[in-house]
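Bear in mind the structure is a predicted one, so any value in this text is a computation, not a measurement. These values consider heavy atoms only, across backbone and side chains, with no hydrogens, waters or symmetry-generated copies. Residue numbers begin at 1 in each chain, while the letters A, B, ... track the order of the sequences.
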Number of protein chains: 2
Amino acid sequence: MDTIDNDELLSIRAAELYYDENKTQDEVGAILKLTRWKVGRLLASAKEKGFIRIEIVHPRARKLTLERTLCERFGIRDAIVVPAAGTQGADDLRARAAQAAADYLASLRPVPRVLGVSWGRTLHDVAEHLSEGWATGVNVVQINGGVSVNQRAGTAAATAFEIARKASGQATLLPSPAILERLETKRSIEADRTVGGVLGMAADASAYLYSAGVAGHDSALVESGYLTPNDVDELVRRGAVGDVVGRYIDAAGMIVDPSLNERTVGLSLDTLRRATTSVAVIAGAGKIPVARAVVTSGLCTVLVTDEATALALLDTGS
Amino acid sequence: MDTIDNDELLSIRAAELYYDENKTQDEVGAILKLTRWKVGRLLASAKEKGFIRIEIVHPRARKLTLERTLCERFGIRDAIVVPAAGTQGADDLRARAAQAAADYLASLRPVPRVLGVSWGRTLHDVAEHLSEGWATGVNVVQINGGVSVNQRAGTAAATAFEIARKASGQATLLPSPAILERLETKRSIEADRTVGGVLGMAADASAYLYSAGVAGHDSALVESGYLTPNDVDELVRRGAVGDVVGRYIDAAGMIVDPSLNERTVGLSLDTLRRATTSVAVIAGAGKIPVARAVVTSGLCTVLVTDEATALALLDTGS
DNA sequence: CGCCGCTCTGCTCATATGAGCAGAAACCAC
DNA sequence: GTGGTTTCTGCTCATATGAGCAGAGCGGCG
């Protein structure tokens with residue numbers, strides 16, 4: 001064990017009296033037999049060396065410095081980072097991110113007239129955290145295929161309806177499976193006036209709100225039966241780090257399986273990249289690779305994430 | 001989810017700018033369009049509600065407020081509480097407590113000429129954390145029986161020798177098993193001039209340093225072969241919360257099995273209670289019950305423990 | 001051994017924040 | 001609607017802390 005110098009230990013003693021006992025620097029000096037100027041330097045030194053940790057513990061807290069650094073590093077318009085401090089596990093963290101996304105959505109100006117939304121657990125959480133009347137007259141349109149083949153919360157319909165209802169708007173669903181087995185069938189569905197109209201509406205939306213899926217067996221696409229676990233393993237072998245609106249991308253943000261992509265119904269990634277406002281809500285340790293792919297390949301203009309993911313994104317970016 | 005009032009959210013925003021961004025209260029006010037006095041009140045409110053957490057993260061840090069409260073509540077002379085912040089698991093926490101115990105021992109005045117010590121993992125840690133020359137001329141005497149029947153670190157001999165060596169003193173071992181099977185054999189060993197002399201020296205020590213054992217199967221006494229797991233189960237059934245210098249006590253600090261106690265070699269609990277300086281080092285979640293028994297029944301004059309144990313002791317004390 | 005350069009210190013003055021007060025605003029009861 | 005009470009606000013003055021400076025002290029080199 002390295003011996004620490006006397007000043008380091010003095011700085012800890014001074015910090016204990018100053019922060020824990022609420023003594024003034026003068027009082028700390030009297031107790032430790034030092035001048036108040038020396039005490040001030042010791043406290044500054046303790047802070048500089050990271051021995052003092054000041055955290056803001058609240059469900060609505062943000063990490064402003066990380067937010068600014070993410071914007072500068074990745075050229076995105078906004079970043080919202082929720083802190084790790086005081087969270088109890090992954091669910092709490094996702095709730096925090098969902099709350100932050102809901103707050104951001106409510107603060108968007110001008111209010112989006114048409115909001116394109118994806119579906120999944122995270123989007124469901126955001127819908128729940130939006131307050132009643134978060135806006136007025138927002139029409140919500142579903143941007144990736146998928147109808148509820150099971151009863152779990154987070155279905156496309158439930159999510160879109162909830163967001164629209166709370167904004168006194170209407171929800172437009174995309175009445176199509178997420179992925180078709182045959183390219184011809186997919187083209188027929190897209191050519192249908194009803195589905196084609198929804199896809200056109202999705203393409204013209206003024207803002208988008210979506211999450212990303214991890215490239216794993218618990219993916220919503222696997223649980224919904226569109227892909228098998230073997231399908232996902234193959235996609236991972238080909239470099240997939242996750243999916244955005246049902247489309248699997250690699251670390252560079254490129255489609256890993258063009259054939260699968262062709263059979264996938266919903267907003268294209270090119271259209272998403274051209275959007276003026278696209279809010280990606282991506283939090284949790286398992287989503288770091290896909291978060292990185294999203295921010296580095298222009299797939300979002302706003303990222304809502306957690307502190308650990310933000311630090312991971314910034315750690316290897318240089 | 002309860003709606004929080006606007007001031008609570010404002011206080012979080014203000015705290016982020018003040019603590020994370022290092023803005024002055026004037027600057028925070030300009031940004032949030034508030035007066036600096038309002039900002040000051042918001043920050044004070046955030047602190048009062050516990051949204052601001054200031055922690056001192058250092059191996060030598062202490063929790064002075066908890067220490068004072070423990071002394072007042074339990075009437076002990078000194079309490080040393082090491083913080084949980086920044087520790088990586090139970091081993092790190094025990095190392096912190098051992099370091100704090102070593103620091104305290106080195107600061108004892110007058111320097112104890114004869115120090116009675118117990119043995120076990122915690123005492124071994126303390127021995128390791130003591131610095132060379134922590135004192136001069138301290139003779140160390142073993143206060144509970146037990147010779148090393150296995151090779152692990154923490155044996156009585158190794159611990160006592162290490163503490164004595166670092167203080168340029170001598171170690172006196174107690175050449176006896178911890179527990180004898182027959183009362184007659186125990187009495188014979190105690191009557192032997194050599195063992196009797198060591199026990200006398202132990203009874204007359206100027207200070208004591210010991211830890212407590214949990215009442216479980218991984219007890220040092222079980223691992224050393226003095227007791228079987230069934231023996232310990234029976235002791236627990238009878239109310240044992242742990243052992244002090246090899247003697248099992250209940251929540252009130254009373255011996256739970258007088259017959260076993262009679263066959264146990266070493267310092268008696270009555271002698272320990274009469275000591276002017278007895279330092280108990282008891283840290284870790286599993287040791288809360290025995291820590292409480294020790295401090296409430298006059299078995300120590302100084303307690304070295306961790307933050308969680310301190311909070312647990314104070315939580316139900318009223 | 002002396003000199004030079006760097007670091008540390010105590011201090012003065014400026015800045016930042018807190019305490020307490022007076023007045024305004026909000027709320028409640030009649 | 002009015003009056004009284006409580007809470008909140010902006011402010012003044014006091015206190016606490018920071019910035020920058022001059023001098024002391026320490027260490028290294030010639």
Side-chain angles (χ1 to χ4, degrees), chain A residues 2-65 67-68 83 85 131 133, chain B residues 2-65 67-68 83 85 131 133:
Chain A
D2 295 327
T3 61
I4 59 174
D5 66 14
N6 196 44
D7 264 15
E8 181 164 315
L9 195 47
L10 264 180
S11 75
I12 298 308
R13 295 284 86 81
E16 286 158 354
L17 290 164
Y18 187 74
Y19 289 108
D20 289 343
E21 304 293 293
N22 280 315
K23 304 285 188 191
T24 67
Q25 292 182 9
D26 259 336
E27 290 169 337
V28 174
I31 294 170
L32 298 181
K33 296 177 175 34
L34 306 166
T35 63
R36 81 154 177 90
W37 302 281
K38 171 76 173 178
V39 170
R41 290 188 168 99
L42 289 170
L43 292 174
S45 168
K47 222 177 195 183
E48 189 189 333
K49 287 174 178 169
F51 299 145
I52 310 301
R53 179 186 295 170
I54 303 181
E55 292 176 324
I56 301 164
V57 184
H58 189 276
R60 298 304 249 280
R62 301 257 300 270
K63 298 298 267 186
L64 301 178
T65 306
E67 292 179 0
R68 190 172 46 254
S131 54
Chain B
D2 295 325
T3 62
I4 60 177
D5 65 14
N6 197 44
D7 264 14
E8 181 165 313
L9 194 47
L10 264 181
S11 74
I12 298 307
R13 293 286 85 83
E16 286 158 354
L17 290 163
Y18 186 75
Y19 289 108
D20 289 342
E21 304 293 292
N22 281 313
K23 304 287 188 191
T24 67
Q25 291 180 11
D26 259 336
E27 290 169 335
V28 174
I31 295 171
L32 300 179
K33 296 177 175 38
L34 306 165
T35 64
R36 79 152 178 92
W37 301 281
K38 174 75 174 178
V39 171
R41 288 189 171 97
L42 288 170
L43 292 174
S45 167
K47 222 176 194 181
E48 186 188 337
K49 286 172 176 168
F51 299 144
I52 309 301
R53 177 187 292 168
I54 304 181
E55 292 175 325
I56 302 165
V57 184
H58 191 275
R60 297 302 248 282
R62 301 257 296 272
K63 298 298 266 185
L64 301 178
T65 307
E67 292 179 0
R68 190 171 49 250
S131 55

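One end of the helix from C:dC1-D:dG30 to C:dC30-D:dG1 points its axis 30° away from the other end's axis, with each axis taken from 5 pairs and the angle rounded to 10°.
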Could you give the side-chain donor-acceptor pairs of residues 10-17 of chain B under 3.5 Å, partners two or more places apart or in another chain?
from, atom 1, to, atom 2, distance (Å)
B:Ser11, OG, B:Glu8, O, 2.6
B:Arg13, NE, B:Glu16, OE1, 2.7
B:Arg13, NH2, A:Arg60, O, 2.8
B:Arg13, NH2, B:Glu16, OE1, 3.1
B:Arg13, NH2, B:Glu16, OE2, 2.8
B:Glu16, OE2, A:Arg62, N, 2.4

Which pairs of donor and acceptor atoms, one on a side chain in residues 18-28 of chain B, lie under 3.5 Å apart (sequence neighbours left out)?
from, atom 1, to, atom 2, distance (Å)
B:Glu21, OE1, A:Arg68, NH1, 2.8
B:Glu21, OE1, A:Arg68, NH2, 3.1
B:Glu21, OE2, A:Thr65, N, 3.2
B:Glu21, OE2, A:Thr65, OG1, 2.6
B:Thr24, OG1, B:Asp26, N, 3.4
B:Thr24, OG1, B:Glu27, N, 3.1
B:Glu27, OE1, B:Thr24, N, 2.9

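Partners of A:Ala85 according to the side chain to side chain contact (heavy atoms under 4.5 Å, CB included) rule, which considers only residues two or more places apart in sequence or in another chain, are A:Glu55, A:Val57.
Residues in residues 30-48 of chain A take part in these salt bridge (Lys or Arg N to Asp or Glu O under 4.0 Å) pairs, two or more places apart or across chains: A:Asp7-A:Lys38. Sorted by first and then second residue, the ring pair (Phe, Tyr, Trp, His ring centres under 6.0 Å) pairs with a member in residues 33-57 of chain B read A:His58-B:Phe51; sequence neighbours excluded.
Nearest heavy-atom pair across B:Ala61 and B:Ile56 is CB-O, 3.7 Å.
Of the residues in residues 43-51 of chain B, none has a non-hydrogen atom less than 4.0 angstrom from any atom of DNA chain C.
Residue B:Asp7 contributes atom CG, which lies 13 Å from atom P of C:dA26 at whole-angstrom precision. Atom CG in B:Leu34 sits about 13 Å away from atom P in D:dC11, given to the nearest Å. Spacing between atom NZ of B:Lys38 and atom P of D:dT9 amounts to 3 Å, rounded to whole angstrom units.
Put simply, CG on B:Leu42 and CG on B:Leu32 are 8.5 Å apart, with the number rounded to the nearest 0.5 Å.
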query: When every nucleotide of nucleotides 12-23 of chain D is labelled 5' to 3' by its protein contacts under 4.0 Å (heavy atoms), B for base, S for sugar-phosphate only, - for none, what sequence of letters results?
result: B---SBBBB---
Contact list (N/O, under 3.5 angstrom) for nucleotides 25-27 of chain D vs protein:
none

